[in-house]
Amino acid sequence: MARDDPVARALKDGLEGGARRVLQLWAPLLTWSLLACGLIDGFVGYRAEEIDLPAGSLLATEAGLVVRALDGSGFDARIGQPDTARSYVAGRAEIVPHLLDLVARAARPAGPGGAAARP
């Protein structure tokens, strides 16, 4: 993913503005493990690499956590999906609505003349 991706930037800014703490870990399976163990409350993946996605999603589901697409619909973690279908919110059931709200707010226009970012 390009560093100048406007959607990634909008998501990062929106999450930093609305979450207590934002960790940026570059080890997806570690993040899924931290979530499954209860050491973090939730996280957002944007155009995630597919290599860790099925295992991570399984860890979360088996731990009783929720994984949703950025629009709140069900998330399909199977391999072979295009990168545009590999964006998600994962976490405890009571946290996911808040994360989805942060994602939705990040996708809204910044103001007059602002372009809407589309996660």
Side-chain angles (χ1 to χ4, degrees):
M1 172 181 16
R3 288 188 175 274
D4 60 349
D5 182 326
V7 175
R9 173 62 54 197
L11 286 171
K12 181 179 181 291
D13 292 346
L15 291 169
E16 286 177 347
R20 282 185 287 161
R21 182 176 302 143
V22 175
L23 302 174
Q24 292 182 335
L25 301 175
W26 297 105
L29 206 47
L30 174 62
T31 306
W32 285 106
S33 298
L34 291 171
L35 180 65
C37 290
L39 297 174
I40 60 174
D41 294 325
F43 76 101
V44 176
Y46 173 68
R47 292 189 172 190
E49 296 289 330
E50 71 180 342
I51 192 77
D52 295 325
L53 205 47
S57 180
L58 179 62
L59 277 173
T61 302
E62 289 295 315
L65 302 166
V66 175
V67 183
R68 296 282 179 255
L70 295 185
D71 65 2
S73 65
F75 180 71
D76 184 353
R78 290 179 296 174
I79 288 183
Q81 304 293 328
D83 69 343
T84 55
R86 294 193 310 257
S87 297
Y88 55 86
V89 169
R92 295 188 339 254
E94 65 272 15
I95 296 295
V96 168
H98 176 64
L99 290 174
L100 288 169
D101 184 53
L102 291 175
V103 166
R105 280 192 270 153
R108 291 187 194 125
R118 294 260 175 209

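From a predicted model like this one, the values you see are computed outputs, not experimental measurements.
- The shortest non-hydrogen separation linking R47 to D83 is CG-O, 3.3 Å.
- A90 and L35 make their closest contact through CB-CD2, 3.7 Å (heavy atoms, listed as atom of the first residue, atom of the second, distance).
- Formation of a donor-acceptor pair under 3.5 Å by the T61 side chain with backbone atoms of S57 is found in this model.
- Residues L29 and L59 are in side-chain contact: their nearest non-hydrogen atoms beyond the backbone lie under 4.5 Å apart.
- Of all heavy-atom pairs spanning A69 and L100, the tightest one is O-CD2, 3.5 Å.
- Rounding to the nearest 0.5 Å places CG of D5 at 8.5 Å from CG of L11.
- In this structure, the side chains of F43 and L34 stay at 4.5 Å or more apart for every pair of heavy atoms.
- Counting non-hydrogen atoms of other residues, nucleotides and ligands closer than 6.0 Å to CG of L58 gives a total above 12.
- Between A10 and A106, the shortest heavy-atom contact is O-CB, 3.3 Å.
- Partner of L70 under the side chain to side chain contact (heavy atoms under 4.5 Å, CB included) criterion, chosen from V7, V103, L99: V103.
- Note: the hydrophobic cluster containing I51 does not contain Y88 (ILVMFWY, side chain heavy atoms under 4.5 Å, direct or indirect links).
- Counting heavy atoms from C-beta outward, V67 and W32 have side chains that approach closer than 4.5 Å.
- Under the 4.5 Å side-chain criterion, counting only non-hydrogen atoms from C-beta, R92 is not in contact with V66.
- Across all non-hydrogen atoms, the minimal contact from A85 to F75 is O-CE1, 3.4 Å.
- Annotation: the span from D41 atom CG to L65 atom CG amounts to 10.0 Å, rounded to 0.5 Å.
- Sequence neighbours left out, not one pair with a member in residues 58-71 passes salt bridge (Lys or Arg N to Asp or Glu O under 4.0 Å).
- Of the possible donor and acceptor atoms, one in the side chain of R86 sits under 3.5 Å from a partner among the backbone N and O of Q81.
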